[in-house]
Amino acid sequence: MKNLIFILSFAFLFSCSKPEDNQPSNSNVKLLKSVTETGETYGSFSSYHYENNILTKVNYGELNNYMQVQQLGYENNKLIKIAHNKDYATGDAVHPEDFSYNYNLNSYPVETISYMTNSIFYKSIYRDYTYNLNNQKQITSIVENNDLSVEFVYNTTQVTKQKEFDNPPYEYTFTYDDKINPFNVLYTKFGLLDDYICPLLGQNHIYHFLSPNNIKEVYKNGVLRYSFIYQYNDENQPISVAAYDYSNSKTHQYTYTYTN
């Protein structure tokens, strides 16, 4: 995929089934409240706000640096609009769980989502995307402004390969744990699929959202790029992860919090 220097947000709800049909089998699953990089002055974060168990606001950015905010709009239980307010890039301390903002979805730059039988059309404020689906409603490819950008290969439920059509092209492959992926819950429950709101290593790629389990290893062209070691709660959800970046030999620590 071309280097995504813009905010990529799009929505996906399985049109052939009810949202609850796509939930993780664990009935005790909690909703993700925040993911924060610890031990860094400008650690990355994302945080989530719910009203009546519906995701309505998302914040993400860097601690003590900047925060970007999104407000979500639904129609008939489908996410159809994502409105971006201006960046809060004042250089002052940011408050990741400050959701006091409330603005008209039609008053700010809005991204819209249209659902077809075998694809989703995403009208970004920067460019247009088409997300092609297979019969299981899994995303098989992404077309950016009429150019094929990414293809995905699955082994029934997990993404095993992400092919990027840059110049030169390359591909990612993955290994997984057997625990609940909270980013995939946001995807299947609310239709949110936003590669920038995931602060983990590999940000700007959507592979963190597409599989029901958490990624343990990411290989780029067969070479190990990232590895993740998780700690879990009693609901089999990650509460922390040590993520190692082999490109610069650095470990990043993240913590997860959930709603009650």
Regarding Gln158 and Asn213, do their side chains bring together a donor and an acceptor under 3.5 Å, going by distance alone? yes
Is there a donor-acceptor contact under 3.5 Å linking the side chains of Ser46 and Tyr48? yes
Say whether Glu111 and Tyr122, considering side chains only, have a donor N or O and an acceptor N or O under 3.5 Å apart. yes
How many angstroms lie between atom CG of Asn260 and atom CG of Leu31, to the nearest 0.5 angstrom? 11.0 Å
Within-4.5 Å side-chain heavy-atom neighbours: Phe45 and Pro96: yes
Answer whether the closest heavy-atom distance between the side chains of Thr36 and Thr255 falls below 4.5 Å. yes
Does Lys33 have more than 12 heavy atoms from other residues, nucleotides or ligands lying within 6.0 Å of its NZ? no
Identify whether Tyr42 and Val35 are in the same connected component of the hydrophobic contact network (ILVMFWY, side-chain heavy atoms under 4.5 Å). no
How about Leu72 and Val58: do any of their side-chain heavy atoms sit closer than 4.5 Å? yes
Would one find more than 12 heavy atoms of other residues, nucleotides or ligands at under 6.0 Å from atom CG of Asn52? no
Do Leu200 and Tyr254 have side chains that get closer than 4.5 Å, going by heavy atoms? yes
Taking the side chain as C-beta and beyond, is there a heavy-atom pair between Gln70 and Tyr60 under 4.5 Å? yes
Does the side chain of His49 come under 3.5 Å of the side chain of Glu97 through a donor N or O and an acceptor N or O? no
Taking the six-membered ring for Trp, are His205 and Tyr207 parallel (under 30°), tilted (30 to 60°) or perpendicular (over 60°)? parallel
Leu224, CG: over 12 other non-hydrogen atoms inside 6.0 angstrom: yes
By ring pair (Phe, Tyr, Trp, His ring centres under 6.0 Å), Phe228 pairs with (sequence neighbours left out) His208
Not counting sequence neighbours, list each pair that qualifies as a salt bridge (Lys or Arg N to Asp or Glu O under 4.0 Å) and has a residue in residues 244-260. Glu40-Lys250
How about CG on Asn146, more than 12 heavy atoms from neighbouring residues, nucleotides or ligands closer than 6.0 Å, or not? no
Relative to each other, are the rings of Tyr176 and Phe174 parallel, tilted or perpendicular (30° and 60° limits)? tilted
Can you tell me if Asn132 and Ser119 form a side-chain donor-acceptor pair at under 3.5 Å? no
Is a side-chain donor-acceptor pair under 3.5 Å present for Asn59 with Tyr101? yes
Looking only at the side chains, is there a donor atom on one of Ser34 and Thr257 sitting less than 3.5 Å from an acceptor on the other? yes
State whether Phe152 and Lys161 meet the cation-pi test: NZ (Lys) or CZ (Arg) under 6.0 Å from the six-membered ring centroid, and within 45° of the perpendicular axis. no
Check whether the side chains of Asp177 and Tyr232 place a donor and an acceptor atom closer than 3.5 Å, and report yes or no. yes
Assess whether ring pair (Phe, Tyr, Trp, His ring centres under 6.0 Å) is satisfied between Phe209 and Phe183, documenting all intermediate values. CA-CA 5 Å; Phe209 288 81; Phe183 291 105; 5.3 Å; yes
